[in-house]
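Below you'll find the structure, written out as structure tokens, and then a few comments.
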Amino acid sequence: MEWLSAFAAETFTTQFLFALASIIVIDIVLAGDNAIVIALAARNLPPALQKKAIIWGTVGAIVVRTLMTLAVVWLLKIPGLMLVGGLALLWIAYRLLTSDDDGHGSAEVNTSFAAAIKTIVIADAVMGVDNVLAVAGAAHGSFLLVVLGLLISVPIMVWGSRLILRLMERYPVIIYIGAGVLVVTAVKMVVGEPLVKPWFEANAWVSWALYPLALVAILGGSRMVLANRGKDKAPESSAA
């Protein structure tokens, strides 16, 4: 057992524990957005499938995040990655808000379940860039710390998404608050893209204006779409 004691003494140093604590904080702060995506994507599923969607969506997200962590140096060299990711996240937020599938029939339920898993994995891949970069930076090249960071993020996303899902059922306004968080994250990714960051820094007012404009466009636009959809359904229900 001496080798185990030596390994623990060399590994679990003050620097290691500080880095691990930093990763835990990073996961708590940044995994919140991912928990919101999971809850939004699973909210229209039957209760029996919600837990499955959360578990399998999280598993898929962790697999994608692991691959991203291994390829983080290569990812940093892709020009426009944050810009494209931010725009994709805006579309995901809009789609999550305007999705009203009731899941009638087994075929439709299966389709909704698959769509929810797909949305969770894609959104996490888009949003996971900041988490991957932050964890990789805090790990300082330690593979063990990277693995621990990934493992720690799993319960945060699972428990966090379940809590948010319950709150959404009781307080529907949280759906829009959650979508708003995704929109803010998306804009932050866009203005932080190295290709356009110098221009946004030189025109700071544009950066600040983008946040309210994006919120109005996504949240307001989805409200209008849902309102029009409700008007279209009203004559059908009255005719029936």
Side-chain angles (χ1 to χ4, degrees), residues 23-45 50 53-54 57-58 60-62 64-65 68 81-100 115-135 149 152-193 200 206-226:
I23 288 173
I24 292 173
V25 172
I26 289 169
D27 279 329
I28 291 174
V29 173
L30 297 182
D33 293 349
N34 305 87
I36 289 172
V37 168
I38 294 172
L40 283 171
R43 79 182 194 279
N44 288 325
L45 292 173
Q50 285 180 348
I54 289 172
T58 302
I62 293 300
V64 171
R65 191 174 296 189
M68 290 173 63
L81 177 66
M82 299 291 281
L83 176 61
V84 174
L87 295 176
L89 189 57
L90 286 175
W91 173 247
I92 289 172
Y94 170 78
R95 290 295 299 162
L96 287 172
L97 281 176
T98 55
S99 173
D100 64 347
I117 300 298
K118 181 180 177 182
T119 299
I120 291 169
V121 172
I122 292 175
D124 190 84
V126 170
M127 299 173 61
V129 175
D130 55 354
N131 188 286
V132 167
L133 294 179
V135 170
I152 291 168
S153 66
V154 174
I156 293 175
M157 285 196 289
V158 172
W159 293 335
S161 57
R162 287 183 178 177
L163 174 61
I164 294 170
L165 193 57
R166 287 197 292 269
L167 290 174
M168 284 179 180
E169 291 172 353
R170 292 189 62 182
Y171 310 103
V173 69
I174 294 177
I175 295 173
Y176 285 89
I177 295 174
V181 172
L182 300 186
V183 171
V184 170
T185 302
V187 175
K188 195 178 298 183
M189 291 174 68
V190 170
V191 300
E193 164 58 45
F200 279 114
V206 179
S207 300
W208 289 109
L210 273 180
Y211 287 95
L213 285 174
L215 286 169
V216 170
I218 300 300
L219 302 188
S222 63
R223 287 281 292 181
M224 291 177 61
V225 169
L226 290 175

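Cation-pi geometry between Arg166 and Tyr171 is not met: the NZ or CZ atom fails to fall both under 6.0 Å from the ring centre and inside 45° of the normal.
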Can you give the donor-acceptor pairs under 3.5 Å from side chains of residues 89-97 to other protein atoms, not counting sequence neighbours?
none

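Contact between Val190 and Phe200 at its shortest, heavy atoms only, is O-CE1, 4.2 Å. Among all heavy-atom pairs drawn from Gly86 and Ala186, the shortest one is O-CB, 3.2 Å. In terms of heavy atoms, Val191 sits closest to Ser207 at CG1-OG, 4.2 Å. Between Tyr176 and Arg223, the shortest heavy-atom distance links the atoms OH-CD, 3.0 Å. The two residues Gly180 and Leu219 have their closest heavy-atom pair at N-CD2, 4.1 Å. The shortest non-hydrogen separation linking Ala116 to Leu45 is CB-CD1, 3.9 Å.
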| task | Decide side chain to side chain contact (heavy atoms under 4.5 Å, CB included) for Val187 and Leu215; before the verdict, give the C-alpha distance in whole Å, the side-chain angles of both, and the deciding distance to 0.1 Å. | result | CA-CA 10 Å; Val187 175; Leu215 286 169; over 6 Å; no
